[in-house]
Amino acid sequence: MAKASIAKGMRDFTSFEVLRREYIISVIRNVFESFGYGPLETPSMENLETLTGKYGDEGDKLIFRVLKSGDFLKSVPENLERNASTWSSLISDKALRYDLTVPFARFLANNRNDIKLPFKRFQIQPVWRADRPQKGRFREFYQCDADVVGSNSLWQEVELMQMYARVFDALLLPVKIRISSRRILADMAEFCGVGDRFMAFCIILDKVDKVGVEEVVRQWVELGVPTEKAQQLIDIIALRGEPAVEALKALGATGNGLEEVSWVIEKFSKFNSDSVLEFDPSLARGLDYYTGCIFEVEALNSSFGSLGGGGRYADLTGIFGLKDVPGVGISFGLDRIFLALEEADLFPDSIQDAPDVLGVQLSEDSAETVFRVVSQLRENCVIAEFYPDAVKLKKQLDYAHQRGIRYVVIIGENELANNTLQLKDMKEGEQFEIDMEDFMENPINYLDLN
RNA sequence: GUGGUUGUAGCUCAGUUGGUUAGAGCGCCUGAUUGUGGUUCAGGAGGUCGCCGGUUCGAGCCCGGUCUUCCACCCCA
């Protein structure tokens, strides 16, 4: 192990990677902006009490807490029992944000008087989770969120689904958007007679594609569901789309979740898209605050988790003292989209960090002239780099080759004497001697840039 | 947080039941080409075997700890 290693679950990004990440972000950002969502940024850290209790017990454990500054043991009583949670609230008073939704809710509550409803914002920032890393799962990762608050209209759901579709269409990544509703899940739990153990019911259901139907039935029965009803429901869970809706209706679902989901799908389908939006009764996202529709996006052929998720929450800001503000939002997982695009080899070739031209000097006498040419190229919006040392030409050409630079401008004694320059096309392997004044007049004439 | 897994040259990996000086491919450097990359040829450099400790006459190999990677839980993007 090197003396200095990188913190667990954290990553460096090379320029190659940063440019690809920026490509994804630009696609998402353009879609967000085209729908009228405005950017918001919130701080990396929030007060600890802003975050705790918002993500369930499991979520609380995954929050990165930050020590108080100075003598943080000052407020710990002598002989306090060794208990992590009592200690942490004494020695820590702030934490890295765990998602973008809760900070957004805090922002809304803080600025309630200045915000016109319905309010739309998007937010593209890193979040941190003290999770154990795996493929596609990091301790620091970017979320790209779009939320709208202040409207109960299902048209917002349609709009957000369209935003999902627009982004993945633009990235050429085929995805399936799964949609369901917490109300449908509640109906199912009610049907099974375990409405009071709703969360446990959902957690078992959510695992169906991993552990299989038999295991889900077994666990449901263990939870208290009559075997007959568990069997009846599990057959429906395997259905998708309209047949699933009909089957659930036949069971006597009383909430209007089915109508809502069907309505959203129907409206969505009137607008063309390569992406699929489908009712999936096995979808059971667990986040505590969702109350209506829930969504999840997955790549059609990916080996890791979802690319994004979201849902409707009837009252997100209530915990911060701002009542009755409904909202609905979606999130894109930048890092997973990155992996999906990489796996499917879908990054455009045009993303590259190589300059168009490298200026090469054969002797220190020619350096100033080369530098002048390079400067002129930049004036003409050509990305140009100046090789700083008069080392062997072989070495400088090799550098250009390695970096993928298309053109090299070579100036040595002969060129200085003739007032010319050599323009070498590294791709075609051709080289031309060009009059210096002609080239400086309009360098783009001599370059084939795209 | 629980259980497992991985770590050998810049990269991908080999390394026999523990036994001399730890190897290969690719990459890198130098030269053939004193002003021409990508091909070829010749030569060369580079490793505290993740880290710490233990067993042993002797450890890359066995044992313990630790860090890291990946996997399954948990949960999620």
Side-chain angles (χ1 to χ4, degrees), chain A residues 1-11 24 28 55-63 84-85 98-101 124-145 199 202-204 206-207 210-211 215 284-288 290 294-299 302-310 329-340 358 360-363 365-366 387 390-416 421-433:
Chain A
M1 181 60 56
K3 281 167 197 148
S5 60
I6 193 162
K8 189 197 195 95
M10 306 284 171
R11 296 159 297 160
I24 299 170
I28 294 172
Y55 310 107
D57 292 341
E58 291 302 319
D60 273 5
K61 291 179 195 160
L62 301 181
I63 295 172
S85 63
Y98 177 90
D99 72 354
L100 301 176
T101 310
I124 299 174
Q125 290 191 280
V127 302
W128 293 269
R129 294 182 189 176
D131 218 346
R132 188 171 287 203
Q134 286 181 30
K135 185 181 184 186
R137 171 179 284 196
F138 310 99
R139 288 186 151 186
E140 178 182 51
F141 61 96
Y142 266 68
Q143 287 192 327
C144 313
D145 277 28
M199 285 300 283
C202 288
I203 287 168
I204 295 168
D206 191 40
K207 289 188 285 196
K210 273 189 180 173
V211 301
E215 179 63 15
R285 308 199 79 235
L287 271 185
D288 289 336
Y290 291 130
I294 51 180
F295 336 106
E296 192 159 292
V297 184
E298 56 186 46
S302 87
S303 52
F304 41 88
S306 68
L307 303 180
I330 55 173
S331 181
F332 293 81
L334 172 65
D335 301 85
R336 291 199 178 160
I337 294 171
F338 185 99
L339 289 172
L358 178 71
V360 149
Q361 44 171 322
L362 290 181
S363 67
D365 293 342
S366 63
Y387 198 95
V391 297
K392 285 186 179 175
L393 179 57
K394 181 185 175 69
K395 185 157 188 154
Q396 300 191 61
L397 287 177
D398 189 49
Y399 173 83
H401 173 72
Q402 297 285 347
R403 283 210 61 191
I405 299 171
R406 174 78 186 269
Y407 294 101
V408 178
V409 166
I410 305 167
I411 299 172
E413 286 177 35
N414 301 339
E415 289 74 23
L416 284 179
L421 57 79
Q422 301 285 341
L423 180 67
K424 183 176 174 82
D425 182 336
M426 298 292 282
K427 187 172 154 200
E428 303 299 330
E430 296 169 331
Q431 183 170 327
F432 303 100
E433 183 161 5

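Sequence lines set the chain letters: A, B, ... in the order given, protein chains first and strands last, and positions in each chain run from 1.
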Pairs satisfying salt bridge (charged side-chain N to carboxylate O under 4.0 Å, His left out), at least one member in residues 124-134 of chain A, at least two apart: A/D131-A/R137

Sugar-phosphate only, base, or nothing, as touched by A/G404 at under 4.0 Å among non-hydrogen atoms: nothing

Sugar-phosphate only, base, or nothing, as touched by A/G136 at under 4.0 Å among non-hydrogen atoms: base

Nearest to side-chain heavy atoms of A/M426, which nucleotide of B/rC75, B/rG37, B/rC76: B/rG37

Contacts of A/D425 that satisfy side chain to side chain contact (heavy atoms under 4.5 Å, CB included) - sequence neighbours left out: A/R406, A/Y407, A/K427, A/E428

hbond_proxy A/R132 side chain to B/rC74 base (donor-acceptor, 3.5 Å cutoff): no

A/K210 vs B/rC73: side-chain N/O to OP1/OP2 distance below 4.0 Å: yes

Sugar-phosphate, base or nothing in reach of A/K61, heavy atoms under 4.0 Å: nothing

5' precedence on RNA chain B between A/Q134 and A/R139 (nearest-nucleotide basis): A/Q134

Touch class at under 4.0 angstrom, heavy-atom based, for A/I410 against every strand present: base

Given B/rG35, B/rU69, B/rC75, the nucleotide with the shortest approach to the side chain of A/E413: B/rG35

B/S/- contact track for nucleotides 25-34 of chain B, protein heavy atom under 4.0 Å: ---S--S---

Touch class at under 4.0 angstrom, heavy-atom based, for A/E296 against every strand present: nothing

Polar pair under 3.5 Å, donor/acceptor by atom type, side chain A/E415, base B/rG35: yes

Touch class at under 4.0 angstrom, heavy-atom based, for A/G429 against every strand present: base

Touch class at under 4.0 angstrom, heavy-atom based, for A/Y142 against every strand present: nothing

Distance-only donor-acceptor test, A/K424 side-chain atoms vs B/rU36 base atoms, 3.5 Å: yes

